[in-house]
Amino acid sequence: MQKFSALSLARQALGGHLGWTPQWRSVAPKPAYDIVIVGGGGHGLGTAYYLAKQHGLRNIAVIERGWLAGGNTARNTTIIRSNYLFDESSSYYEHSLKLWENLSQELNYNVMFSQRGCLMVAHTVHDVQVFKRHVHANRLNGIDNEWLSAEEAKEFCPPLNISPNIRYPVLGASLQRRAGTARHDAVAWGFARAASDMGVDIIENCEVTGILRGPGGEVRGVETTRGTIRAGKVGVSAAGHSSVVMGMAGIRLPLQSNPLQALVSEPVKPAFPTIVMSNTIHAYISQSDKGEMVIGAGTDSYVSYTQRGGLHIPAHTLEAICELFPMFRRLRMLRSWGGITDNTPDRSPITAKTPVPGLYVNCGWGTGGFKATPGAANLFAWTIAKNEPHPINAPFTIERFRDGVMIDEAAAAAVAH
Amino acid sequence: MLLIRCPYCGDRAEIEFANGGEAHIARPADPMTQTDEEWAQYLYMRDNPKGLIAERWRHAHGCNRFFNALRDTRTDRFVTTYEMGQPRPEIDAAAAAEAAR
Amino acid sequence: MSQAFRVPGRGRVDSARTVSFTFDGRRFQGLAGDTLASALLANGHHLMGRSFKYHRPRGAVSAGSDEPNALVAVGSGPALQTPNLRATQVELYEGLAAVSQNRFPCLQFDFGAVNTLAAPLLPAGFYYKTFMWPRGFWDKVYEPVIRRAAGLGVAPTAPDPDHYAFQYAHCDVLVAGAGPAGLAAALAAGRSGARVILADETAEAGGSLLSDRTSRIDGRPAALWVADILAELAALPNVRVLTRCTAFNYGPHNMVALNQRLTEHLADPAPGMPRERLWQVRAKEVVLAAGALERPLVFEGNDRPGVMLASAARTYLNRYGVACGKRAVIVTADDSAYRVALDLHDAGVTVTAIADLRPAPDSALVRAAQGAGLTVLPGTTIQRAHGSTRVHSVELARLLPDGSVGRGQRWRTDLVLMSGGYTPSVHLFSQSRGKLVFDEELGVYVPGEPADRTRSSGACRGVYRLADVLADGAAAGAAAAAAAGLAAVQAPSWSVDVADEPGRGGYVGALPRRGKGLLAMAFVDFQNDVTAKDVKLAVREGFQSIEHIKRYTTTGMATDQGKMSNVNALGIAADALGRPVEKVGLTTFRPPFTPVTFGAFASHARGDLFDPDRRTPIDSWARAHGAVFEDVSLWRRARYFPRGSEDMEAAVRRECLAVRGGVGIFDASTLGKIEIVGPDAATFMNRMYVNAWTKLGVGKCRYGLMCRENGFVYDDGVVGRIAQDRFHVTTTTGGAPGVLAMMEDYLQTEWPELDVWLTSTTEEWAVIALQGPKAREVLAPLVDGLDISAGALPHMSLAEGTIGGVPMRLFRVSFTGELGFEINVPARHGRAVWEAIWDAGQAAGITPYGTETMHVLRAEKGYIIVGQETDGTATPDDAGCGWAVSKAKADFVGKRSLALPAMQAPDRKQLVGLLTEAPWEVLEEGAQLVARPDEAIPMRTLGHVSSSYFSATLGRSIALAMVAGGRAREGETLYVPMEGRTIAVTVTKPVFYDVEGARLNV
Amino acid sequence: MSDTMQLARSGFTLATAADRRRFVLQARPGTLDAAARALGLAEAPAMLATASGGAVTALRLGPQEILLLLDPAGAGDSLAALRTGLDAVAHSLVEVSDRQVGLDLSGALVEPALASLTSIDVALPAFPVGMATRTLLGKADGVLWRTGPEQFRLEIWRSFAPYISGLLDEAARDAAF
Ligand SMILES: Cc1cc2nc3c(=O)[nH]c(=O)nc-3n(C[C@H](O)[C@H](O)[C@H](O)COP(=O)(O)OP(=O)(O)OC[C@H]3O[C@@H](n4cnc5c(N)ncnc54)[C@H](O)[C@@H]3O)c2cc1C
Ligand SMILES: NC(=O)c1ccc[n+]([C@@H]2O[C@H](COP(=O)([O-])OP(=O)(O)OC[C@H]3O[C@@H](n4cnc5c(N)ncnc54)[C@H](O)[C@@H]3O)[C@@H](O)[C@H]2O)c1
Ligand SMILES: Cc1cc2nc3c(=O)[nH]c(=O)nc-3n(C[C@H](O)[C@H](O)[C@H](O)COP(=O)(O)O)c2cc1C
Ligand SMILES: [Zn+2]
């Protein structure tokens, strides 16, 4: 792997940058691997990376139906935070946040993790109660999260409209300072590069079309559009397509795939220092390093695999943005798009073994799994390597829906990003 | 914004409707006789198909009736809508192909 | 220098009306009808902006919405100055003030331009490779520097005072684009009687014909034809023509969004005029007639001000009467540039040379140019354009038969016109999910089979000859009308006597060059400063998909969304990958077509109209009596009624004591109400609620608790049985719509055989709660003889009667633990009845109270609030309401889930009371509880404080909490670790006041 | 809100409608026909249609739902007849006189003003005189009933009246441009 640094950049500059080599090897599939990961998004690539890095496994393939990380990894609003309510979730997301904090260095790839803080704005007395509950729960879990008055929130984020005369005045906000954003593509590319360097095969434009089973029902590999690939273990990390892929093994999941939309403004000079989320009036916004306002819109209500939705959804979001930040009304939408999110009934993920031996699944991240990318990858790798979950992801099973032990962050907080 | 044909009111814009998830998942007649596994299947497990889905809609801001629809989730094209209680319509290959287009 | 480059007698501008404006504070003159760009060019001013990354000086390269370079901020002041507008679209008006962007200290000298020198260090994706050490420097040093250098214009800092209109529309045929194709289509459809909307993003319909001095239609100049058609369209009542109106989003099922700009071109908009209007058009059929965009050529220095698209120069000349320079060099791969050359030549511009990339160009146009004495250099390419803030010379060189490039020759010039051929505007078609197909002959992507009810016509599907375009548009319009169900009409037809054949040639990718050119910068994406080398670097680094190349280099991600760059980037990538262009493919076209103002989406949804602000019939009284309000779902509710200088705490103490000691009056009108009527009403209630209803007598009330099918508490409220077949159900304020929807769901989809119907009556009734030991004495004289004594109307019963002659449903219920009534009267009488009770209660010291006091009083009694004690993860038993769950019923919504093992676990969080040691200490709601205060973080938490108040009645603080295995912990000490200190609490029963309920039954 | 509302712009007026007693009548479709006959109407209006006669106007809002607007003067008789007519048949009759208010809209700009609030096509051919339906007006429900070429009646829940009339006012202002 070519080392990335200011020095190597300078050296290459002298040669007109002709000396750079592919960041990952995009290869044709071999007939067999020890482990096949289905889905080359951030989660799948990260899983392969940690399998290689932490568990010493090398004979691994990541199979991606399209271009690498072209799913939700390419299309999310990049909010990273760990201030979730329940112990189970917060320890999962905090595990991830800790990995984020060193990811650029670990991967030798600048993923631009920018810990600019995340303000969650409260508009009602109920919001205040809920957010304070988060603040207290987080503090005792060792996760930073603090309560700010409306004035303090404005000081932290000057564009915020805290006038008492707006329809839903801002009553205060919780702030996780360690929260932030990262360059979404870079995360996937960084994992791909590092994994590839350790021998992982990255196979693009290869769609898994079937899951091969042995006589005992155990996994034997996958059928793909590029032929049969045998494998002792298969880890599925297909986000919006999880139901489709798992359906090939006869497993129904508690998932619904919905379009989730996002948009960016034209770029402007730095005007927004942090991330602001308002669950009550549905607005999520931050400004990228390039200058666009990155804005998360809502979910279309129906199942769809089209990666697009209705214009009324982003329009509704922009109403909220304009209300909270009336000086941004004259900014303009540059591009809007959709992704396919896989949502569970309790809005918490599944990272687990399945009833099929040798088949593992990491899914249900819905509208909020970018932040979990290194964490989920790390724990999914553990689960596959050891054939048992790590204590952190142990509660995140499929069976929790049967047993009634849901981890319902949404019900507790009405938020999933 | 989808255009949805309410069986009672005709074509209306999606914002008048509420989606009700997959259709034809009948509530067991006697839930207490269900195993935990069966109950979870009823309550949570879904086909979530990539392709034709039978789904429920309620004309929430119109006649307030639930009805069913057959739609292709790859294209969001509707094949048909039909009243609650009717079975899922059989459709021919041409209609399916048209919906998939 | 005043409009030295204006060509008299040319253009559609009004030479009689000069307009003065400023650019970067400097005063200029233009003409009415100019754009900012054409006016600046008329003054010989090409330098209009700086690029994103290298801060390169830039001028307008186009004359339309595809402009990547000439971005300016228009308007003045912190609220109105609007960034990133294209000078090529900004229409001139008197006093317009524009400033350039992304430069410091000024456009001419920009410190940021050092980035150009450092460019070798800043190739595509350089930031992924560096800035990683020292670890802490990213947030503090590197990122802030990057952020400041990036971005283009400056966002306004004060609220936008303008407003924006919004409109749904429906039509048979929507035509996007009013060039010849669109006009013909609109006319054909319009004549059939179809409802037609024709939208064009520019100020004037006509499209390319407005820049065309050559073509004649039916023997008349093209511009006159445009005027004729527009006149006929204007006379058709079924046709609406919208200019300055961009079709920007082609959504599912033929819903197309348009953005119409109403004031931006006006010096003095009429008062009240909306700035823009957003249209959401549901069209039966759509005709796309968006034209084609000319491609630039990729060569070193192609970004120098003075280097432009050939068609742009033609537009500036013929539409605006502006010559973009004095000596032009033209580099082309398509015949269309020869027409430009001839027009320029005709206008007195010296056309020094026409370098044609094709080895042997030969057509009527080429011969015409030669005939006019112009120098045509076949098989010639451009090596480089020289200059900094303006091009001054170019190097042209022969393309040798072996594909290499010969020695160059320098040509002096102040204008370089490039034409790489045309790219059909397939944006909207592609947004509609239509598949694009590669047209081998034209070498571009054109619309294939449509996915929605849409047709493309004219240049946007690669039909370029004007005669063909007109026929194509007319056919599309007629076919669309027929498809929309109108009687077929004969498509109109016209004859065209001058027939240029533009768009047959073209070049894709970077021009060949001599030598390695390691330092040469040939731009592909102008705005984002993506060079041909960047694209090649991306491929070299393994980014093989065009989507990766886009994301790695940012090509096509600028504010023109690749209109200028995508095809060339594709060509370069295909070359580097060694694959044909059509095997590489395009990136996804996404809305909007051009950027759209946020405010236009928000439209009326601002301030009071952001969301409905629901107020009760008694709200006006509360306001008059100084209430402080809170938002609960869409409702505004009185939270407390401060007297004098009281704060909330003081007011609430006083209000609480007044209720417990005398009588309080409370507006409960926001409670959801549903009337459930029909012979199967009780059966339905039995299935929906956890409680049993069969035996509830008429005239009785019961507390009802509702779960979702997952077994968790969903809503609660008191239910009264009005008649055998009629229940009056109440819900929480926020829960009402959800409860009704859930009931309808079960009724219509699970139990359609039940004869029962639901009607929302929330707003039918104003609800006045009268609570306190003196409630009866205040109420009794008012209820027109109704006996409300304890015997006649015991706790949890109801009666119908009148109050002051007004019909009334009187519930004897209590959410305070005191003797209480809830008086339901038709909403119109709500305030009058309230006032009557208010007057009658004066002697008893009646006190209005708000939601906060209501919360305290119910907490003293341990009554839960759904959403506060419960959070969507609590069962009835968890919430201390196990008693409400009927054991006898075979089934109800949620029952099966409640039987799951986890729902019975002993360590579930259960409702308890908490008392602090210090009576004045009020716990914080949301605070967590632990068993061991000395545990290290992460601590094992047992639960949280859900409600916490100072109870004036008890003279101490009280709290409710949800605690793991809580009921078994009664008497235990638990701890609430706060920042810096820990508070010990004792677990108690969740009832603090009148445990046996004696006060209720008086 | 104040009990009566009045807004006027050129081309658009909005005024609180004359008082009516209002009932939601729900029943199986056959029963609705019987109810209509009891009220002196030939039959229940078809979906999205209205029928009037005597003191009664019936708006067919759903397959099982009719909104009855009764002239207060004759309301008693009509109700009595209705109750008698439906005595033995399953149905639900609920008074909602105060749940909602009626707004009369008129003027040349009514159509474009309404088109700013509802996604329904309100052009005369698509929404003829006599048609009535529930729809979404901005973010609030309302019943839209065309009473003339340039006249509409809105029946909306009381607390939504300021919101809807506020929207209409702005929409009418914008429609002038
Ligand atoms: C608009 C939007 C905004 C969001 N905002 C945030 C946010 O702010 N913060 C946050 O934390 N999360 C956010 N998310 C969620 C987040 O993007 C996802 O949870 C996360 O990126 C999932 O990563 P992944 O690697 O699992 O999925 P993906 O990146 O989608 O990867 C799954 C891959 O599997 C591939 N695949 C599917 N089927 C097959 C098959 N049969 N064969 C081979 N390959 C297959 C897909 O092509 C895809 O590349 C957002 C999502 C969207 C859509
Ligand atoms: N200059 C040349 O040499 C050249 C090259 C190719 C084609 N042409 C000529 O162009 C003509 C083609 O006619 P046409 O009608 O297809 O194209 P056109 O370019 O004349 O008209 C397209 C119109 O669509 C408008 N438009 C584009 N996108 C829009 C959107 N999203 N929303 C609203 N409006 C939008 C443009 O403003 C323009 O007015 C022919 O006369 C042909 O000869 C000329
Ligand atoms: C955080 C973030 C920032 C983005 N910024 C830009 C941008 O500046 N310009 C742009 O054209 N697209 C931007 N995009 C959108 C992408 O171009 C693209 O729409 C997205 O990755 C979805 O892919 P698709 O549109 O090809 O389906 C951004 C996307 C994300 C997730
Ligand atoms: Zn309907």
Side-chain angles (χ1 to χ4, degrees), chain A residues 4-6 9-10 13 16-17 20 22-24 26 67 70 104-105 109-110 114-115 124-125 129 132-133 136-137 140-142 167-168 185-186 266-271 289-291 310-311 315 318-319 321-323 326-337 403-405 408 411-412, chain C residues 82-84 120-121 123 127-132 139 143 146-147 150-160 249 251 257 518 537 540-542 545 547-548 551 559 590-592 595-599 601-602 605 610-611 630-631 871-873 900 902-903 925-928 937-939 941 944:
Chain A
F4 285 169
S5 68
L9 200 59
H17 296 285
W20 293 111
Q23 297 194 0
W24 66 83
S26 190
W67 43 284
S104 294
Q105 288 69 25
Y109 207 104
N110 189 353
S114 167
Q115 291 181 287
T124 65
V125 174
Q129 288 164 342
K132 285 196 172 167
R133 185 175 166 200
H136 288 294
L140 300 191
N141 272 325
R167 178 67 185 81
Y168 295 106
D185 294 323
E266 294 179 299
V268 285
K269 293 288 174 198
D289 286 346
K290 267 183 35 234
L311 188 65
L318 289 172
E319 291 170 4
I321 295 293
C322 291
E323 192 68 3
M327 69 289 285
F328 293 162
R329 266 189 211 128
R330 285 177 110 84
L331 293 188
R332 303 193 295 176
M333 177 200 279
L334 171 62
R335 186 174 175 99
S336 70
W337 64 91
D403 299 339
V405 280
D408 205 333
Chain C
T82 312
N84 298 340
L121 290 171
Y127 28 76
Y128 300 131
K129 294 180 174 137
T130 178
F131 303 135
M132 284 172 278
D139 294 343
E143 189 182 37
I146 292 177
R147 291 186 80 180
L152 292 164
V154 177
T157 52
D160 180 1
N249 178 312
L518 286 184
L537 172 64
R540 192 175 305 130
E541 292 200 70
S545 154
E547 295 284 5
H548 281 149
R551 287 166 176 79
T559 62
R590 290 282 189 186
V596 179
T597 309
F598 284 4
F601 292 98
F610 177 76
D611 252 356
E630 67 165 325
D631 286 311
D871 64 3
T873 65
L900 295 172
M903 303 297 241
E925 285 169 357
Q928 301 288 307
I937 280 174
M939 296 176 96
T941 54
H944 72 283

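So that the names make sense, note that chain A is the first sequence line, chain B the second, and so on, each numbered from 1. Predicted, not measured: the structure shown is a model, and the values here were computed from it.
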Requested in this report: Output yes when a side-chain donor or acceptor of C/Asn84 lies under 3.5 Å from a complementary backbone atom of A/Val268, and no otherwise.
Outcome: no
**Report entry** Polar side chain donor-acceptor pair, C/Tyr127 to A/Asp289, under 3.5 angstrom
**Finding:** no
Query raised in the report: Looking at C/Asp160, C/Asn249, C/Leu537, C/Leu900, which one has more heavy-atom pairs under 4.5 Å with chain A than the rest?
Result: C/Asp160
**Report entry** Which portion of C/Thr559 sits near chain A, non-hydrogen atoms under 4.5 angstrom
**Finding:** both
Query raised in the report: Quick one: what part of A/Ala271 sits under 4.5 Å from any heavy atom of chain C, side chain, backbone, both or neither?
Result: side chain
Report task. Provide the closest heavy-atom pair for C/Asp139 versus A/Ser114 in the form atom of the first, atom of the second, distance. Result -> OD1-CA, 3.9 Å
Query raised in the report: Does any heavy atom of chain C fall under 4.5 Å from the side chain of A/Ser26, the backbone, both, or neither of them?
Result: neither
**Report entry** Heavy-atom proximity to chain C below 4.5 Å, by part of A/Glu323
**Finding:** side chain
Report summary line: Under 4.5 Å to a heavy atom of chain A? For C/Ser545 that would be side chain
Query - Region of C/Asp631 that comes under 4.5 Å of a non-hydrogen atom in chain A - result: both
Query raised in the report: Which bit of A/Asp403 comes within less than 4.5 Å of chain C, counting heavy atoms only: side chain, backbone, both or neither?
Result: backbone
Report summary line: Counting heavy-atom pairs under 4.5 Å with chain A, the top scorer among C/Val154, C/Val596, C/Thr82, C/Thr130 is C/Val596
Query raised in the report: Is there a salt bridge (Lys or Arg N to Asp or Glu O under 4.0 Å) between C/Asp611 and A/Arg167 once you walk through the steps?
Result: CA-CA 7 Å; C/Asp611 252 356; A/Arg167 178 67 185 81; 5.5 Å; no
Report task. Starting from the C-alpha separation in whole Å, work towards a yes-or-no answer on side-chain contact (heavy atoms from CB on, under 4.5 Å) for C/Gln928 and A/Arg133. Result -> CA-CA 7 Å; C/Gln928 301 288 307; A/Arg133 185 175 166 200; 3.8 Å; yes
Report summary line: Checked C/Pro592, C/Ala257, C/Pro83 vs chain A; the most non-hydrogen pairs under 4.5 Å come from C/Pro592
Query raised in the report: Between C/Leu121 and chain A, which part of the residue has a heavy atom less than 4.5 Å away: side chain, backbone, both or neither?
Result: both
Report task. Tell me, for C/Glu143 versus chain A, whether the close heavy atoms (under 4.5 Å) come from the side chain, the backbone, both or neither. Result -> side chain
Query - chain A contact via C/Ala158 - which portion, at a heavy-atom distance below 4.5 Å - result: backbone
